[in-house]
2 protein chains.
Amino acid sequence: MKHLRTVTYVAEVARAGSIRRAAERLNLTPSALTRQIQDLEYELGTPIFERLPQGMRLNAAGELFARHIRDQVADLDRVRSQIADLSGVRRGHVSLACSQAFVTQVVPEEVEAYRARFPQVGFMVQVRDHAQAVTALAAFEADLALILQPPPSAELHPLFSGHQTLCALMRTGHPLASETGPVRLRDCLGHALALPDHSLAIRHHIEHALARRGVELRPVVESGSLEFLRNLVLREDLISLQIPSGIPQDPRLHSRPIDLRDLTPMTLVLAQLRGRSLSVAAAKFADQLVVRLNREAV
Amino acid sequence: MKHLRTVTYVAEVARAGSIRRAAERLNLTPSALTRQIQDLEYELGTPIFERLPQGMRLNAAGELFARHIRDQVADLDRVRSQIADLSGVRRGHVSLACSQAFVTQVVPEEVEAYRARFPQVGFMVQVRDHAQAVTALAAFEADLALILQPPPSAELHPLFSGHQTLCALMRTGHPLASETGPVRLRDCLGHALALPDHSLAIRHHIEHALARRGVELRPVVESGSLEFLRNLVLREDLISLQIPSGIPQDPRLHSRPIDLRDLTPMTLVLAQLRGRSLSVAAAKFADQLVVRLNREAV
DNA sequence: GCCCCCGTTGCCGAAGATGCAACGACACGC
DNA sequence: GCGTGTCGTTGCATCTTCGGCAACGGGGGC
């Protein structure tokens with residue numbers, strides 16, 4: 001919006017770290033930018049940037065002002081979304097940061113369902129681990145975060161919280177696939193394992209449980225990609241450990257929950273940034289997602 | 001601030017109810033205004049005003065947008081205040097809506113004390129009854145409200161809450177002034193009364209108590225001005241009823257609390273609008289006021 | 001000492017905002 | 001029914017503001 005042009009210049013200079021770089025990103029000349037900044041600093045009665053030989057950096061006053069700008073832009077987005085919603089056609093944009101476990105089933109299905117009702121709403125889905133997800137929320141890069149094992153953070157405002165038990169995942173021909181129902185963890189450890197690597201919360205959760213028993217984990221394959229692990233499981237007699245929400249419907253795959261005596265369920269949370277008010281689109285999508293999660297998680 | 005110029009036009013048109021009246025207040029021509037409004041509506045993709053024969057009125061979208069503007073302006077004020085506070089000299093502005101009872105002693109003393117520490121801070125003190133005070137807060141015309149008998153309102157966020165017992169106020173020569181300590185209400189009713197009128201919460205409080213006893217109040221003088229009542233009490237053998245915080249130190253005046261069996265204490269509240277963040281100046285003044293009120297009210 | 005990147009400034013053209021005058025629409029009073 | 005006043009709006013001229021261009025001075029790195 002026009003009236004925010006000047007102030008977004010400030011945000012861009014802060015981000016770029018120098019007037020010249022910011023000018024380039026904004027398709028402006030440095031002179032135009034430096035003037036806008038100076039005018040603004042005059043209006044505020046105080047500089048908001050430190051002039052360093054290698055560029056510009058926000059000072060304390062600038063930090064306050066930059067935060068104000070960010071809030072203002074976000075709030076305007078929210079208002080525009082509310083206004084669009086008044087006219088019946090819901091427009092808007094939803095930005096979601098989620099754990100890898102959810103990109104297989106939950107999120108694509110829900111986005112599809114939502115977009116079937118409101119085709120004018122755009123989506124942006126980023127895969128992030130739990131720490132990155134919080135960062136994305138705080139930087140206003142994501143409206144919502146759907147993550148496993150959320151880190152304790154005052155900035156996180158949960159919209160849904162539930163639990164899911166990890167499942168042993170194998171192909172139908174696997175020895176353990178002859179039975180259904182819970183399986184003991186020690187039975188799994190006797191077979192070849194294909195596990196998520198340490199970039200994923202699932203792995204930490206398993207190791208945390210085994211550490212107390214003094215058992216060491218010796219996976220034959222580990223990967224940061226749950227999809228890769230599943231594809232591997234289809235080809236070999238391997239066992240992977242994944243959460244039910246992330247396991248696709250596939251007759252070639254068999255999954256059995258790990259016995260609750262061996263592994264506590266993982267926490268699954270849908271959250272937004274505390275104190276931020278969501279756009280209509282994001283709020284409604286969150287509502288829908290909560291309904292789904294209530295079906296899937298305990 | 002420059003970048004808010006356009007949007008404040010909207011606020012002014014909404015307030016004035018017509019482009020022409022708003023233009024006059026803004027020292028602009030109607031043509032300039034109508035264009036700005038049109039541009040903004042184009043940017044938003046929807047009209048925000050209803051065009052009526054007798055002027056302009058905000059529509060639903062406009063209400064949302066106007067609220068956004070109001071919030072932004074208030075937030076910018078807060079940020080500027082915080083920035084000013086960084087430099088050591090506290091600047092800013094505090095706007096207080098208070099009951100008449102407090103303009104005699106409490107508020108002038110506290111304003112003086114505050115301004116002695118921070119001379120750069122300006123004050124605006126409006127006398128409002130409890131209903132008007134809430135309105136003033138909600139319209140962002142006041143940062144703080146210091147009122148008696150606050151109406152139940154979800155918009156009110158109390159920063160302090162206490163009680164004060166009404167006092168019988170008389171001149172030193174009055175028959176009841178020979179004693180100190182609590183006085184029964186029926187003893188007061190036997191003398192000529194000069195009471196606050198129905199525009200003041202004190203009067204309602206008294207009548208509420210008497211109504212349960214079936215006693216009717218027959219004041220010989222009533223007034224909306226507590227100061228007038230005090231001045232009258234100095235000249236005649238009259239009894240007035242006022243709260244201790246509003247009674248000035250004066251050897252010619254004598255006051256005795258009403259017995260607690262006859263009259264419950266009045267509630268005294270310092271409040272802000274819920275969800276609004278105060279400027280540094282207002283927040284610090286509120287802190288100071290709370291300290292004082294803790295000394296005066298139970 | 002040289003080079004590169006930095007922010008800044010004077011000057012000029014382009015874009016935007018504003019004022020002036022006039023138009024059409026509607027409400028109100030006679 | 002018909003002026004009259006007020007309303008928002010529009011075409012055109014004017015003025016302010018914004019941006020681009022080129023050049024300057026300053027500081028870090030080699």
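Just so it is clear, the structure is predicted and the values come from calculations on it, not from any experiment.
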| task | Return the value, rounded to whole Å, for the distance between atom CG of A:L26 and atom P of D:dG19. | result | 10 Å

| message | Which nucleotide wins on minimum distance to the side chain of A:R35, given the candidates C:dT9, C:dG7, D:dG8? | response | C:dT9

| query | Whole-Å distance between C:dC28 P and B:Q54 CD? | reply | 7 Å

| task | Round to a whole Å and report the spacing from CG of B:L33 to C1' of C:dG16. | result | 16 Å

| request: Can you figure out which of D:dG20, C:dT9, C:dA17 approaches the side chain of B:R5 most closely? | output: C:dA17

| Just how far, in rounded Å, is C1' of C:dT9 from CD1 of A:I19? | 13 Å

| said: Using only modelled atom types and a 3.5 angstrom limit, is any donor from either the side chain of B:S31 or the base of C:dG19 paired with an acceptor on the other? | reply: yes

| said: Tell me the interatomic distance from A:Y9, atom OH, to D:dC18, atom P, rounded to whole angstroms. | reply: 9 Å

| When the ring centroid of B:F285 is compared with that of B:F118, is the distance short of 6.0 Å? | no

| task | Look at B:R21 and D:dC7 and indicate whether a side-chain polar atom (N or O) is within less than 4.0 Å of OP1 or OP2. | result | yes

| message | For a quick check of understanding: with a heavy-atom distance under 4.0 Å over all strands, which category does A:L28 fall into, base, sugar-phosphate or nothing? | response | sugar-phosphate

| message | Can you tell me which nucleotide in C:dC6, C:dA17, D:dC18 comes closest to the side chain of B:Q36? | response | C:dA17

